Structures are given as C-alpha cells and as structure tokens.
Amino acid sequence: MIRSTLLAAAALLLSSQLQAKTCELEIDSTDQMTFSTKEMKVASDCTEVKLTLTHSGKMPKTAMGHNWVLTATADYQAVAQDGLKAGVANDYLQADDARVIAHTKLIGGGESDSVTFSTSALQKGGDYTFFCSFPGHWAIMKGVLVFGD
Ligand code: CO
C-alpha cells in the first residue's frame, strides 16, 4: 500500500516535470528610450517565462533607467502613474502591486536583469502590455505580450 502510493507520487512528480517548460524571452533597451520590440509571444505550452532585459546604452539608470513591467493592458497606465509616486528607490513601482504580473529591476546602460514567472497568471488570448515604468518612458516604451498560439 505504501509502496504503491510512493510509486504514484513519483509518477506524478515525473509527469509534472515533463510538462514543465520554461520559455526564454529577450528584449533590449537603449539610450534612445526604446525597446527592441513592440510585440512578444509566449507559446501556449510554456509553463514559465524567463524574461531577460538588457540595456545596450551607456546612460545611468537615474537618467535613462529601464525596467520591464507586465500587466493587463487595462491596468498599465494606473500602475505606471502609481510607480511615479513610488520613486527611483522603488524602481518606479508601488511595493507589492498585485496588478503587476512580473517585473525586472530598473537598470542602466550596460546592465541586464532577468525575471522568471509562471504563465498561470496569464489567460490565453488575454490583453497584456509590457512597459518601462520610468517617468515619461511608459507612453513610448511599451508593447503587447501575447500568450497562446
Ligand atoms: Co525606461
């Protein structure tokens, strides 16, 4: 009885490992206040996303800082406005903002940062926007993230 339970648990663990799939996304940012893409795609069989943000410019994060923040499109402007109040010490994001699905830290030229998040927070066909929450950047530095095929 114990043995069969252990076998069942082992089989369950194995199948969940086989089904797990981390998909990697990369995006660059510049001293010209741009992201390298306006659209990012996550295939429907990805269980996790590892997003890496690079900053290929030279300016410091206090002058030309960039982060990568993901929210539902309906939330993005309000999250950006609340982030402004949070200030640079908080990477221009309100602490523990439940509307934020994932975010990197704020980086300057020559730096990079990665964030890994579960796709369980995403709905297939949902409307998601990624943006930089640095003041004045979010109106321009934004794009859509598509989950699904
Ligand atoms: Co920025």
Side-chain angles (χ1 to χ4, degrees), residues 9-10 12-149:
L12 196 66
L13 185 66
L14 188 64
S15 74
S16 69
Q17 282 173 342
L18 287 172
Q19 287 163 9
K21 183 178 174 189
T22 302
C23 299
E24 300 203 9
L25 294 177
E26 294 180 0
I27 186 167
D28 186 44
S29 57
T30 70
D31 280 347
Q32 284 73 47
M33 208 194 294
T34 56
F35 278 134
S36 56
T37 183
K38 293 270 183 196
E39 183 176 299
M40 307 189 88
K41 288 188 174 169
V42 177
S44 58
D45 63 343
C46 302
T47 56
E48 263 187 348
V49 174
K50 182 183 179 189
L51 179 289
T52 300
L53 170 68
T54 55
H55 187 324
S56 59
K58 292 187 163 63
M59 293 171 72
K61 74 173 184 180
T62 48
M64 187 54 69
H66 301 311
N67 56 8
W68 185 91
V69 183
L70 181 66
T71 68
T73 295
D75 292 332
Y76 115 87
Q77 294 198 12
V79 169
Q81 283 161 358
D82 289 343
L84 176 63
K85 296 173 211 155
V88 67
N90 296 301
D91 286 1
Y92 295 111
L93 283 176
Q94 197 176 74
D96 302 321
D97 191 328
R99 297 167 297 182
V100 174
I101 297 165
H103 71 91
T104 67
K105 66 180 187 180
L106 191 73
I107 61 172
E111 297 178 331
S112 69
D113 190 42
S114 295
V115 61
T116 300
F117 60 97
S118 169
T119 58
S120 63
L122 303 175
Q123 291 182 343
K124 284 173 186 140
D127 191 0
Y128 302 101
T129 291
F130 65 85
F131 62 98
C132 171
S133 68
F134 191 97
H137 290 197
W138 54 270
I140 300 157
M141 291 187 76
K142 67 183 171 88
V144 297
L145 183 137
V146 177
F147 180 46
D149 302 314

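The first residue of the sequence shown is numbered 1, and numbering continues consecutively from there. For clarity, every value in this text was computed on a predicted model and none was experimentally measured. Atoms within each ligand, like the ligands themselves, are counted from 1 in listed order.
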Requested in this report: Would you indicate whether Q123, at its atom CD, is surrounded by more than 12 heavy atoms from other residues, nucleotides or ligands within a distance under 6.0 Å?
Outcome: no
Query raised in the report: H66 vs H137 aromatic rings, parallel, tilted or perpendicular, using cut-offs 30° and 60°?
Result: tilted
Query raised in the report: For the side chain of T73 and the backbone of D127, is there at least one donor-acceptor N/O pair under 3.5 Å apart?
Result: yes
**Report entry** Distance filter under 2.8 Å, centred on the Co ion (ligand 1) - protein N, O or S atoms that pass it
**Finding:** G65 O, H66 ND1, C132 SG, H137 ND1
Query raised in the report: Between K50 and E48, is a salt bridge (charged side-chain N to carboxylate O under 4.0 Å, His left out) present by the stated rule, with each step listed?
Result: CA-CA 7 Å; K50 182 183 179 189; E48 263 187 348; over 6 Å; no
Show every donor-acceptor pair shorter than 3.5 Å between a side-chain atom in residues 56-64 and any protein atom, with sequence neighbours excluded, or say none if there are none.
{"residue": "S56", "atom": "OG", "partner": "D28", "partner atom": "OD2", "Å": "2.7"}
{"residue": "S56", "atom": "OG", "partner": "S29", "partner atom": "O", "Å": "3.3"}

Report task. Classify the side-chain pair T52/S114 by whether it contains a donor and acceptor separated by less than 3.5 Å. Result -> yes
